[in-house]
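This report concerns only the one structure given below.
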Amino acid sequence: MGVYQLFDHEDFGDIAFQQVVKAVNDNHRPNPTIIFPTGGTPEPLYTRIAELRSFFPMFDYINLDQYYGIEYDDPRSYPFEIEQKLLKALKLKPDLQLVFNATAQANHECHRIENAIRHAGGIDIAVIGIGPNGHIAFNEPKTDFNTRAHLVDLTPETIAANQKYCAQFGGVPPQALTLGLGTIMEAKKIILLTNKPEITLRALHGSVTTDVPASVLQRHPNLTVVATPQVGAKLRLAA
Ligand code: PGA
């Protein structure tokens with residue numbers, strides 16, 4: 001079992017804010033590269049960043065995943081969601097950020113993103129969530145731990161879980177572009193945001209297996225877990 005630092009509190013947005021700011025300060029690069037996730041879990045973090053925007057350090061955003069075949073400003077688009085919820089509040093220019101073009105040829109686009117990450121000096125901080133099936137980004141169960149950016153066929157479970165965000169806009173697209181587990185694991189620091197007790201327990205205290213992609217996080221040397229109190233209580237019992 002890997003070692004991680006756990007922070008849990010009712011005020012999830014505030015502890016997430018504190019941990020991201022700490023990670024930036026510990027990093028020492030003036031403009032660190034940061035992955036920010038989408039979905040319901042990170043919402044309180046973005047609210048807090050918007051409230052305390054003058055205290056939030058500068059960074060370069062790297063897109064974690066994106067539905068394939070949709071336009072950048074589609075209401076289901078993840079980088080567009082980050083632009084609306086985060087970059088706008090911080091007055092960061094979206095055209096300077098590293099984002100998947102979901103209408104480009106998939107292989108070409110995945111190589112472009114991987115090369116751009118390398119040129120940017122790698123990923124300093126990866127803030128990520130976890131899906132109900134243990135996915136990280138769109139790395140679904142059975143994904144090899146060494147994968148780089150790639151095109152994914154989404155599982156029926158992920159499509160069902162994400163309908164709540166997409167149903168009114170034409171449904172969940174069947175495919176997505178995602179950074180690979182190998183790409184994400186090379187981040188110098190990973191901050192996992194979680195409000196899901198059962199799957200988080202399996203990921204962090206169960207066996208390291210591609211059945212639960214997030215279990216690869218047990219091998220990361222610098223992992224912080226920001227959790228709701230319910231998740232925290234469960235993890236503490238297992239530790
Ligand atoms: P959620 O999604 O934050 O909306 O629960 C997490 C994920 O699927 O990675």
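Values below: all heavy atoms of this structure, side chains included; hydrogens, waters and symmetry mates excluded. Counting starts at 1 for both ligands and their atoms, in listed order.
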Which bit of Ile130 is near ligand 1, meaning a heavy atom under 4.0 Å away: side chain, backbone, both or neither?
backbone

Looking at Glu198 and Lys234, does any basic side-chain N land under 4.0 Å from a carboxylate oxygen?
yes

If you have a sec, work out which protein heavy atom is nearest atom 2 (O) of ligand 1 and how many Å separate them, to one decimal?
Lys196 NZ, 4.1 Å

Between Thr178 (side chain only) and Ala137 (backbone N and O only), is there a donor and an acceptor less than 3.5 Å apart?
no

Taking distance alone, with no angle check, do Tyr165 and ligand 1 share an N/O pair under 3.5 Å?
yes

Aromatic ring centroids of His205 and Tyr4 under 6.0 Å?
yes

Atoms of ligand 1 close to His135 [distance to a heavy atom under 4.0 angstrom, numbered from 1]:
7 (C), 8 (O), 9 (O)

Calculate, to the nearest 0.5 Å, the distance between atoms CD and OH belonging to Glu109 and Tyr68 respectively.
8.5 Å

Contact (N/O only, under 3.5 Å) between Gly40 and ligand 1
yes

Are Glu71 and Arg76 close enough for a salt bridge, meaning some N to O gap below 4.0 Å?
no

Atom 3 (O) of ligand 1 has as its nearest protein heavy atom Thr41 OG1, 2.5 Å

